[in-house]
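Read the structure below first, then the notes.
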Amino acid sequence: MVKFKSLFFATTVVVGLFSPVATRSERHGDDPFNDGFLTQVRMHAKTWTPDGSFRNGIQFENFRNMKGIYESKIGFHLPTKVHHVAYDVEIPEYFDAREKWPFCKSISTIKNQGLCGACWAVAAVSVMSDRMCIHSEGKFDLELAAEDLMGCCKDCGNGCNGGFLDGTAFQYWVDVGLVSGAAYNSTEGCKPYPFKPCLYPFEGCHPEKTPACSHHCTAGYDGTYRKDKYYGTAAYKLPNDERMIQLEIMTNGPVESGFSVYQDLYLYRSGVYRHVVGREVGKHAVRLIGWGKERGVPYWLIANSYGADWGERGYFKMLRGSNHLGIESVVIAGLPKV
């Protein structure tokens with residue numbers, strides 16, 4: 001078990017395991033990939049458009065391998081960073097971190113977690129990578145390794161079986177550090193992502209297993225594990241306050257958040273998502289990179305980890321300002337050592 005330099009009292013994060021799904025013969029009644037469900041979504045979704053190009057018979061049971069976030073029981077709690085000036089400064093109507101920091105390619109990179117419930121780790125290292133680039137003014141424009149976090153931080157979660165959204169990942173970055181990563185099959189980082197990308201809706205893919213903790217870089221990488229470490233200097237959470245979250249993003253960079261996933265999300269294609277029909281199937285961690293309004297509806301601009309063929313080229317917009325599905329209730333961030 002990792003011994004962090006500083007531990008805090010317990011915090012609770014909602015349970016987030018994907019539930020078993022119906023068999024193929026029962027699919028029509030409990031599966032979003034069918035014409036009946038699509039019809040319901042089209043009737044009720046006023047601010048977003050579903051994807052109707054799917055084929056009946058998609059293996060929805062694959063989604064049970066996309067476990068996300070669940071309750072932490074290790075007694076860890078992050079301090080809250082309060083931006084008291086958030087109500088004294090001007091918050092723009094539109095903001096996109098990709099436009100403010102165009103020299104950081106990490107911000108524009110859409111990850112593909114494959115059939116591994118590693119959204120908690122992928123979102124966390126993406127935020128860390130973005131902030132390393134931002135605060136170094138482009139000197140450290142690289143990806144940190146989700147594999148290093150999944151395999152070696154035992155207090156952060158259970159790898160491909162889901163993890164915690166309580167800040168342990170960011171505290172691990174501060175206390176232990178993480179090595180560089182890169183996309184699957186790349187030779188650029190110490191630990192490239194270990195799992196092959198899986199095209200949405202994950203047909204023909206196989207569930208992945210949590211990688212073992214290794215203190216070695218991939219063969220051929222020009223560097224050693226010990227010397228490749230990158231660290232954070234602070235880990236914290238944000239209040240459930242729209243303006244404070246906005247000020248944090250526009251000042252320090254993207255943040256990690258989580259929300260409750262309902263079946264209709266899987267059919268998202270474009271627009272401002274708000275849940276309309278279907279049951280809850282788990283919790284999911286994502287990266288918030290900006291905000292705006294579409295047809296008068298306020299939204300968060302979010303980078304997902306389902307690959308660039310899902311949603312709006314890997315991104316989606318979610319209703320902002322009302323803590324829809326808990327998107328504003330657990331927001332995590334940190335600062336890098338540069």
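Keep in mind that this is a model prediction, so the values were computed, not measured. We count residues from 1, following the sequence as given.
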Take Ser329 and Asn240 through the side-chain hydrogen bond (donor to acceptor under 3.5 Å, both in side chains) test and state the conclusion after the steps.
CA-CA 5 Å; Ser329 62; Asn240 181 352; 5.5 Å; no
Between Arg320 and Glu328, does a salt bridge (Lys or Arg N to Asp or Glu O under 4.0 Å) hold up when you go through it step by step?
CA-CA 8 Å; Arg320 168 173 56 90; Glu328 292 145 20; over 6 Å; no
Ring centres under 6.0 angstrom apart (His275, Tyr262)
yes
Non-hydrogen atoms of Leu38 and Gly52 that approach each other most closely
CD2-CA, 3.7 Å
Which pair of non-hydrogen atoms, one from Asp228 and one from Cys190, has the smallest distance, and what is that distance?
OD2-CB, 3.4 Å
Side-chain contact test, heavy atoms from C-beta onward, threshold under 4.5 Å: evaluate it for His83 versus Leu238 and give yes or no.
yes
Step-by-step side chain to side chain contact (heavy atoms under 4.5 Å, CB included) determination, Val179 to Cys217
CA-CA 9 Å; Val179 296; Cys217 294; 5.5 Å; no
Output, in order, the C-alpha distance, side-chain angles, deciding distance and verdict of side-chain hydrogen bond (donor to acceptor under 3.5 Å, both in side chains) for Ser260 and Lys283.
CA-CA 5 Å; Ser260 299; Lys283 314 293 177 183; 2.7 Å; yes
Verify the ring-centre separation between Tyr193 and Phe195: is it less than 6.0 angstrom?
yes
Enter the distance from Cys198:SG to His206:NE2 here, rounded to the nearest 0.5 Å.
9.0 Å
If only side-chain N and O atoms count, and only distance matters, is there a donor-acceptor pair under 3.5 Å linking Asn304 with Tyr268?
no
Does Ser129 use its side chain to pair, donor to acceptor, with the backbone of Val125 at less than 3.5 Å?
yes
Below 4.0 angstrom, N of the basic side chain to O of the carboxylate: do Lys105 and Asp141 qualify?
no
Any side-chain to backbone donor/acceptor pair from Arg269 onto Gly311? Under 3.5 Å, distance only.
yes
Taking the side chain as every heavy atom from C-beta outward, state whether Cys133 and Lys139 have any atom pair closer than 4.5 Å.
no
Return yes if some donor-acceptor pair links the side-chain N/O of Lys191 with the main-chain N/O of Gly181 below 3.5 Å, else return no.
no
Ser106 and Asp130: side-chain donor and acceptor closer than 3.5 Å?
yes
So do the side chains of Leu165 and Trp120 get within less than 4.5 Å of each other, counting heavy atoms only?
no
For the student: nearest non-hydrogen atoms of Leu178 and Leu144, plus distance:
O-CD2, 4.0 Å
Take Ile302 and Tyr315 through the side chain to side chain contact (heavy atoms under 4.5 Å, CB included) test and state the conclusion after the steps.
CA-CA 6 Å; Ile302 301 176; Tyr315 298 90; over 6 Å; no
Should Val331 and Ile327 be regarded as members of a common hydrophobic cluster, given that ILVMFWY residues are connected when their side-chain heavy atoms come within less than 4.5 Å of each other, either directly or indirectly?
yes
Look up atom OG1 in Thr168 and atom NZ in Lys154, then write down how far apart they are to the nearest 0.5 Å.
13.0 Å
I'd like to know whether Arg287 forms a salt bridge (Lys or Arg N to Asp or Glu O under 4.0 Å) with Glu256, so could you lay out the CA-CA distance, the side-chain angles of the two residues, the decisive distance to 0.1 Å, and finally the verdict.
CA-CA 5 Å; Arg287 181 170 49 123; Glu256 182 179 22; over 6 Å; no
Output field: ring centroids His284/Tyr306 closer than 6.0 Å
yes
Could you please spell out the steps behind the side chain to side chain contact (heavy atoms under 4.5 Å, CB included) verdict for Val176 and Gln171?
CA-CA 8 Å; Val176 182; Gln171 192 63 48; over 6 Å; no
Do Leu142 and Met128 sit in the same hydrophobic cluster, where Ile, Leu, Val, Met, Phe, Trp and Tyr count as joined when their side-chain heavy atoms come under 4.5 Å apart?
yes
Surrounding NZ of Lys81 (heavy atoms of other residues, nucleotides or ligands, distance under 6.0 Å), is the total greater than 12?
yes
If Ile, Leu, Val, Met, Phe, Trp and Tyr residues are connected whenever their side-chain heavy atoms lie under 4.5 Å apart, and connections chain through other members, are Val261 and Phe33 in the same group?
yes
Assess the residue pair Asp148 and Tyr225 against the criterion (side-chain hydrogen bond (donor to acceptor under 3.5 Å, both in side chains)); give the C-alpha distance rounded to whole Å, side-chain angles, the decisive distance to 0.1 Å, and a yes or no.
CA-CA 10 Å; Asp148 204 28; Tyr225 180 86; 2.9 Å; yes
Take atom CG in Asp222; do more than 12 heavy atoms of anything else shown fall under 6.0 Å from it?
no
NE2 (His216) with more than 12 external heavy atoms under 6.0 Å:
no
Identify the heavy atoms of Ser180 and Ala145 that sit nearest to each other, and give their distance.
O-CB, 3.5 Å
Carboxylate-amine/guanidinium proximity below 4.0 Å for Glu248 and Arg131:
yes
Does the side chain of Tyr273 pick up a donor-acceptor pair with the side chain of Asp264 at under 3.5 Å?
yes
Check against side-chain hydrogen bond (donor to acceptor under 3.5 Å, both in side chains), Asn112 and Tyr184:
CA-CA 9 Å; Asn112 189 318; Tyr184 171 78; over 6 Å; no
With a cut-off of 6.0 Å (strictly less than), are more than 12 heavy atoms of other residues, nucleotides or ligands near CD of Glu188?
no
To the nearest 0.5 Å, what is the distance between CZ (Arg243) and CG (Asp88)?
8.5 Å
From CD (Gln263) to CZ (Arg279), nearest 0.5 Å:
4.5 Å
Taking every heavy atom of Cys152 against every heavy atom of Tyr172, the minimum-distance pair comes out as CB-OH, 3.4 Å
Looking only at non-hydrogen atoms, find the nearest pair between Gly314 and Ile110 and report the distance.
O-CD1, 3.6 Å
Can you find a pair of side-chain heavy atoms, one from Thr210 and one from Asn158, that are under 4.5 Å apart?
no
Point-to-point distance, once rounded to the nearest 0.5 Å, from CH2 of Trp101 to CD1 of Ile134
4.0 Å
Give the intermediate values and the outcome of side chain to side chain contact (heavy atoms under 4.5 Å, CB included) for residues Trp291 and Met250.
CA-CA 10 Å; Trp291 61 85; Met250 63 187 283; 4.0 Å; yes
So that I can tick it off, tell me whether Glu143 and Lys111 are bridged by a salt bridge, with the cut-off set at under 4.0 angstrom between side-chain N and carboxylate O.
yes
Do the side chain of Asp241 and the main chain of Met244 share a donor and acceptor less than 3.5 angstrom apart?
yes
Group every Ile, Leu, Val, Met, Phe, Trp and Tyr by side-chain heavy-atom contacts under 4.5 Å, then state whether Ile289 and Ile332 land in the same group.
no
Taking 4.0 angstrom as the limit, do Arg98 and Asp96 come out as a salt bridge?
yes
Would you call Lys317 and Glu312 a salt bridge, using N to O less than 4.0 angstrom?
yes
Tell me whether Phe95 is reachable from Leu319 by hopping between hydrophobic residues (I, L, V, M, F, W, Y) whose side-chain heavy atoms are closer than 4.5 Å.
no
Check: Trp173 and Met132 side chains under 4.5 Å, non-hydrogen atoms
yes
Are the side chains of Ile249 and Gln246 in touch, meaning some heavy atoms are under 4.5 Å apart?
no
If you take the centroid of each ring, where Trp contributes its six-membered ring, are Trp48 and Phe316 closer together than 6.0 Å?
no
From Ser257 OG over to Leu288 CG, what is the distance, rounded to the nearest 0.5 angstrom?
5.5 Å
